[in-house]
Amino acid sequence: MSRIFAVIFGVPPSRGARDRAYTSIVGDLDEMRAFERILGGMQHNTDKAGALLAAQGIFAVACTYGIDHGWPKILSIPAILLLLVGALLAMSMLRSTAAPFTRESGNIARVAFDLLVSRMIRFNLALYMTFLSIVLLGAAAISLAL
């Protein structure tokens with residue numbers, strides 16, 4: 001099961017595997033340089049979340065168009081709901097990255113890495129929900145055309 005989790009969400013499934021990934025990423029960098037490296041990964045994920053939100057907006061317009069023009073509601077309604085939940089997940093990645101600095105103790109780079117893993121999971125889940133929504137929209141459009 002953990003292997004499936006790793007493949008689907010692109011993150012190490014166990015704490016030990018995440019520890020090895022963290023060590024591999026930061027190597028022997030000092031805490032601030034390690035944090036900067038991980039912050040770059042978070043920025044990349046933030047950029048991807050913004051792009052996903054833009055795509056979700058386009059498909060939300062297509063979905064409302066379909067609902068207004070008689071596409072099967074059994075497909076269109078779940079599609080728009082998946083888009084909305086996926087958009088919430090993507091937006092949750094756009095929150096501040098200041099969380100590592102709010103800790104009184106501990107390695108800020110490690111806290112940032114854990115935040116990055118959390119964002120990776122949310123992004124991939126939002127991406128899969130968006131894809132499923134697009135499949136449902138496509139099926140709705142095709143069923144209307146037939």
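Start at 1 with the first residue, then count along the sequence.
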Enquirer: Can you tell me how far the CZ atom of R33 sits from the CG atom of D28, to the nearest 0.5 Å?
Expert: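 Here the rounded value is 11.0 Å.
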Enquirer: With clusters defined by side-chain heavy atoms of hydrophobic residues (ILVMFWY) lying less than 4.5 Å apart, directly or transitively, does I25 cluster with I121?
Expert: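 As far as the 4.5 Å side-chain criterion goes, I25 and I121 are connected within one cluster.
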Enquirer: Let me check something: do F113 and F9 share a hydrophobic cluster, defined by ILVMFWY side-chain heavy atoms less than 4.5 Å apart, either directly or through other members?
Expert: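 Cluster IDs for F113 and F9 match.
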Enquirer: Check L52 against A90 and note the closest heavy-atom contact, atom names and distance.
Expert: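 L52 and A90 have their closest heavy atoms at CD2-CB, 4.4 Å.
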Enquirer: If you define the side chain from C-beta out and look only at heavy atoms, does anything of N124 sit under 4.5 Å from I8?
Expert: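 Answer no - side chains too far apart.
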Enquirer: Measure the shortest side-chain to side-chain distance between I77 and I67 over non-hydrogen atoms and say whether it is less than 4.5 angstrom.
Expert: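 A side-chain contact under 4.5 Å exists here.
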Enquirer: Do the side chains of L29 and F35 get nearer than 4.5 Å, heavy atoms only?
Expert: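 No; the side chains remain at least 4.5 Å from each other.
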Enquirer: Which distance, rounded to the nearest 0.5 Å, do you find between the OG1 of T64 and the CZ of F59?
Expert: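 T64 OG1 to F59 CZ: 13.0 Å, rounded to 0.5 Å.
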Enquirer: Tell me whether L136 shares a hydrophobic cluster with L84, the cluster being built from Ile, Leu, Val, Met, Phe, Trp, Tyr side chains joined at under 4.5 Å.
Expert: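 Different hydrophobic clusters.
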Enquirer: Looking at CD of Q56 and CE of M91, how far apart are the two atoms once the value is rounded to the nearest 0.5 Å?
Expert: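 The CD atom of Q56 sits 8.0 Å away from the CE atom of M91.
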Enquirer: Same cluster for V85 and M120 if Ile/Leu/Val/Met/Phe/Trp/Tyr side chains link at under 4.5 Å?
Expert: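 Yes, same cluster.
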Enquirer: Within a reach of under 6.0 Å around CZ of F131, are more than 12 heavy atoms found that belong to other residues, nucleotides or ligands?
Expert: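 No, CZ of F131 has 12 or fewer neighbouring heavy atoms, counting only those of other groups under 6.0 Å.
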Enquirer: Determine, for R15 against D114, whether the closest basic-nitrogen to carboxylate-oxygen distance falls under 4.0 angstrom.
Expert: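 Salt bridge between R15 and D114, a charged N being under 4.0 Å from a carboxylate O: yes.
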Enquirer: Looking at CG of L137 and CD1 of I142, how far apart are the two atoms once the value is rounded to the nearest 0.5 Å?
Expert: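 Between L137 CG and I142 CD1, I get 11.0 Å after rounding to 0.5 Å.
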Enquirer: So, S76 side chain and K73 main chain: donor-acceptor pair closer than 3.5 Å or not?
Expert: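 Judged by distance alone, no pair lies under 3.5 Å.
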Enquirer: Going by distance alone, is a donor N or O of one side chain under 3.5 Å from an acceptor N or O of the other, for T46 and R119?
Expert: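 R119 and T46 do have a side-chain donor-acceptor pair below 3.5 Å.
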Enquirer: State, to 0.1 Å, how close L82 and M129 come at their nearest heavy-atom pair, and which atoms those are.
Expert: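 Closest heavy-atom pair between L82 and M129: CB-O, 3.8 Å.
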Enquirer: Rounded to the nearest 0.5 Å, what's the gap from CE on M32 to CG on L39? Could you check?
Expert: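 Rounded to the nearest 0.5 Å, the CE-CG separation comes to 9.0 Å.
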Enquirer: Near I74 CD1, under 6.0 Å, is it more than 12 heavy atoms from other residues, nucleotides or ligands?
Expert: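 At most 12 heavy atoms, drawn from other residues, nucleotides or ligands, come within 6.0 Å of this atom.
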Enquirer: Using every non-hydrogen atom in the two residues, find where A140 and S143 come nearest and quote the distance to one decimal.
Expert: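 In terms of heavy atoms, the two residues are closest at O-OG, 2.9 Å.
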Enquirer: On a heavy-atom basis, which atom in A49 and which in M93 lie closest, and how many Å separate them?
Expert: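 The answer is CB-CE, 3.9 Å.
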Enquirer: For A126 and L89, which heavy atoms make the closest approach, and how far apart are they?
Expert: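 In this case the closest contact between A126 and L89 is CB-CB, 3.8 Å.
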Enquirer: Does the side chain of F123 reach to within under 4.5 Å of the side chain of K48, using non-hydrogen atoms?
Expert: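 Yes, at least one pair of side-chain atoms sits under 4.5 Å.
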Enquirer: Under a 4.5 Å side-chain heavy-atom rule over Ile, Leu, Val, Met, Phe, Trp and Tyr, are V117 and Y22 clustered together?
Expert: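 The answer is yes; both residues are in one hydrophobic cluster.
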Enquirer: Which atoms form the tightest heavy-atom contact between P12 and R18, and what is the distance?
Expert: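 Residues P12 and R18, closest heavy atoms: O-NH1, 3.2 Å.
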Enquirer: List for me each residue that meets salt bridge (Lys or Arg N to Asp or Glu O under 4.0 Å) alongside R122, sequence neighbours excluded, and say none if there are none.
Expert: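 Partners of R122 under the salt bridge (Lys or Arg N to Asp or Glu O under 4.0 Å) test: none.
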Enquirer: Please confirm whether the backbone N or O of I108 pairs with a side-chain atom of E31, one donor and one acceptor, at under 3.5 Å?
Expert: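 Here the side-chain-to-backbone pair exists.
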Enquirer: Out of curiosity, L83 CG to I58 CD1, how far, rounded to the nearest 0.5 Å?
Expert: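 Going from CG on L83 over to CD1 on I58, the span is 11.5 Å.
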